[in-house]
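These notes are about the structure you will find just below.
This structure is a prediction, so every number in the text was calculated from the model and none was measured. Scope of the values below: all heavy atoms of this structure, side chains included, with no hydrogens, waters or symmetry mates. Here is the naming used below: chain letters follow the sequence lines, and residue numbers restart at 1 for every chain.
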Protein chains: 2
Amino acid sequence: MMKKNLSKQKVIHAASTLFFQKGFHGTSVRDIAEKAKVNVSSVSYYFNGKQGLLEYAVTAYYEEYLEKVEECLKVTENQSAIERLNKLIFTIIQYKQSKLQLTCFIQRELTLDSIFVREMTVTYLAKENYYIRSTFFSALEGKKLPGDQKDYLLLQLKGMLITPYILHNEWKDRVIGEYSREVFVKKYVATIQKWLKFIVGI
Amino acid sequence: MMKKNLSKQKVIHAASTLFFQKGFHGTSVRDIAEKAKVNVSSVSYYFNGKQGLLEYAVTAYYEEYLEKVEECLKVTENQSAIERLNKLIFTIIQYKQSKLQLTCFIQRELTLDSIFVREMTVTYLAKENYYIRSTFFSALEGKKLPGDQKDYLLLQLKGMLITPYILHNEWKDRVIGEYSREVFVKKYVATIQKWLKFIVGI
DNA sequence: TCCTGTCGAGCGAAAGTAACAGGAAATCTA
DNA sequence: TAGATTTCCTGTTACTTTCGCTCGACAGGA
């Protein structure tokens, strides 16, 4: 049938926007259905309910995310640790920017304390953390830093990777208007890399 | 009366914890009442409903926050710009750490797009942003940095001020266990200040 | 005919809130 | 000081709305 998945896509798109604006619990399936201009029961039909829709969206997001990260690490296998880290940072920021609303929403939702969040943590975030951590520590190799100092620097790095998607409210004027998304990615990544150069050069 | 405001305090405390764990929309007034061991209608009685409770908590949080920030800036009036900024950073992190759950919750809720958030933005966040921005730019005085570079550095700084309260899930084991809160504040602030020293020394 | 997708109606549960009664404490009055 | 009155707080109950979800009916292409 021609219109297969047409409603499904409309639901996903509407849900992304609404979850981003009002949060998961702040959005009703009727809101979604209305915005997507489909029937209420479509959500249950396609995703097994509201929770299923959430799981579908988040899972798809992280599957693709980790795919891109792993590909980046594979391609840069033979390069220097710092070069690898630089390209990893670029890959991550670029992906997040390409799915801006979903990134902001998921980032927010992950700060909650629920069964779902814990599941996502062990399934995806553990992997993500492993990739970033090991790549970063490789780049720090040889630097003699006191014990937990590295962990604080890692926290700093991870913070830089999420900051634009937490403080998006302050930056949306800029990112949408004066700057295009690509320009933002380029400039922001450059800012991180400048910090990185300082850190590994200690 | 002896037990005056006793229930009120219990409600605030319970709400802080639950909002932190499950979010504002994810928490019902019955949840709060049950945890606080008070009657359901107490929330309406003391705070004019659930929304009023939110407004009360957030307002009280930011009033005290800005008070501490302004006091810090006043005390350090005659010191160097970098010294001022260092102490401002310490003040901010210390306050946030002292109200950990509320900080995490408010930080999360502010990423939503609602009338309430916009009100808080113009009332408090604009001030906060002004203080941090002007202090930071004073410290950068004389450095010749291309146009928007300073804004990206400011974004980086502001990110560092919120990161621990976004990624608290990854750090709670550490902050609660091995390290006490004071140690975390000291060490994390030191990490930011090291970055700062690099930036202003460019 | 079956299968897939769409639609509206409606169910039970839970949400937020209002209404009211009871009672303890505080204040007033004689 | 004793009694009366007011004020403040708590508990019960019930109301209205909205929630997520299911169901049966219906349409059209395979």
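For dC8(D), the OP1/OP2 oxygens have no side-chain nitrogen or oxygen of Tyr46(B) closer than 4.0 Å. For dA15(C), the OP1/OP2 oxygens have a side-chain nitrogen or oxygen of Ser28(B) closer than 4.0 Å.
One interatomic measurement links the two molecules: CZ of Arg30(A) to C1' of dG8(C), which rounds to 11 Å at whole-angstrom precision. We find that CD of Glu34(A) is positioned 15 Å from C1' of dC19(D), with the value rounded to whole Å. We find that CG of Asp31(A) is positioned 11 Å from C1' of dC19(D), with the value rounded to whole Å. A straight line from CZ of Phe47(A) to P of dT6(C) spans 11 Å, rounded to a whole angstrom. Taking atom NZ of Lys22(B) as the reference point, atom P of dA15(C) lies 8 Å away to the nearest angstrom. Distance Lys50(B) NZ to dA18(C) C1': 17 Å, rounded to the nearest Å. Ile32(A) places its CD1 atom 13 Å from the C1' atom of dC21(D), with the value rounded to the nearest Å. Between Asn48(A) atom CG and dC21(D) atom P there is a gap of 9 Å when expressed in whole angstrom units.
Side-chain contact between His168(B) and Leu100(B) is absent, with no heavy-atom pair separated by less than 4.5 Å.
In terms of heavy-atom proximity, Lys127(A) sits nearest to Leu66(A) at CD-CD1, 3.8 Å.
A cation-pi geometry, defined here as NZ or CZ lying under 6.0 Å from the six-membered ring centre and within 45° of its normal, holds between Lys50(A) and Phe24(A).
Side-chain proximity of Val40(B) to the nucleotides dT10(D), dT6(C), dT17(C) is greatest for dT17(C). Proximity note for Ser7(A) (side chain, C-beta onward) versus dT6(C), dG10(C), dT17(C): the nearest is dT6(C).
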- Derivation of the side-chain hydrogen bond (donor to acceptor under 3.5 Å, both in side chains) call for Thr17(B) and Gln101(B): CA-CA 7 Å; Thr17(B) 304; Gln101(B) 292 190 333; 3.2 Å; yes
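Between the side chain of Asn39(A) and the base of dG5(C), no donor-acceptor pair under 3.5 Å is found.
Looking at heavy-atom distances under 4.0 Å, Ser41(A) makes contact with a base.
Between Tyr165(B) and Phe20(B), the gap from one ring centroid to the other reaches at least 6.0 Å.
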